[in-house]
Amino acid sequence: VKDAAVASANAIVVMMSPFAVQECMPALLTGFGVKAKPPQKEATLQIIEAIAAKSPRYIGHVLVTLTMPVAELTCDIKKEVKEAATSTMSAICNCTGNKDLEPFLPFVVKAAQSLDSTHVCVEKL
C-alpha cells in the first residue's frame, strides 16, 4: 500500500505547480505526526524529497517549517525512517540557494542526527 501511495503522490508532484508547495506543507507535516506509523513517515519523507528535486527554490521558502520535523526523524527508532529522514534532510538542505553553504551541508545533516556531532558542525562552520 505504501509503495502505491508514494507512486501516486510522485505522479501528483510531477504535475504539481511549484507555487503549490507552500499549500501542501500542512498535509505533509501531518505525515510526521506522533500518531503516524513508520511507513507513513517514510512515504512522506520520500514525497518531500521528490518535491525538493523538482522545486528546490520553493522548498527553500519552507525550510524553516520543514527542517525541525525532518531533523527529529533522523533520530527515529525505525531504521527505514531514519535512513529516509537523513536522505530527505540532505535533499532539503541543498535547497537553501546559498552556494557558500554547500561545503558545510553534510556537517549540518550529521549534526541533526546526533548531539555529539553538533560540536564538530559548529567548528566547521
| message | Please tell me whether Phe32 and Val64 are part of a single hydrophobic cluster in this structure, the criterion being side-chain heavy atoms less than 4.5 Å apart. | response | no

Can Ile59 be reached from Val14 by stepping across I, L, V, M, F, W or Y side chains whose heavy atoms are under 4.5 Å apart?
-> no

field: Derivation of the side-chain contact (heavy atoms from CB on, under 4.5 Å) call for Leu66 and Leu29
entry: CA-CA 8 Å; Leu66 277 179; Leu29 291 174; 4.2 Å; yes

- Task: Check the surroundings of atom NZ in Lys110: do more than 12 heavy atoms from other residues, nucleotides or ligands lie under 6.0 Å from it?
- Result: no

**Over 12 foreign heavy atoms within 6.0 Å of CD, Glu102** = yes

So, does [X] use its side chain to make a donor-acceptor pair with the main chain of [Y] at under 3.5 Å?
X: Lys78; Y: Glu42; value: no
X: Ser55; Y: Ala52; value: no
X: Thr88; Y: Leu45; value: yes
X: Asp76; Y: Glu72; value: no
X: Ser87; Y: Glu83; value: no

> When you look at Ile51 and Met16, which way does the side-chain contact (heavy atoms from CB on, under 4.5 Å) test go after all the steps?
Replying inline: CA-CA 9 Å; Ile51 295 171; Met16 183 174 77; 4.1 Å; yes

Mind listing the closest non-hydrogen atom pair of [X] and [Y] along with its distance?
X: Ile92; Y: Leu63; value: O-CD2, 3.3 Å
X: Ala27; Y: Thr30; value: O-OG1, 2.5 Å
X: Leu73; Y: Lys41; value: CD2-CD, 3.8 Å
X: Val6; Y: Ala43; value: CG2-CB, 3.4 Å
X: Ala5; Y: Ser8; value: O-OG, 3.0 Å
X: Cys93; Y: Leu105; value: O-CD1, 3.2 Å

*Show the numbers, then the answer: is there a side-chain contact (heavy atoms from CB on, under 4.5 Å) between Met89 and Thr67?*
CA-CA 7 Å; Met89 188 70 172; Thr67 305; 3.7 Å; yes

SG (Cys24) and CD1 (Ile48) are apart, to the nearest 0.5 Å, by 10.0 Å

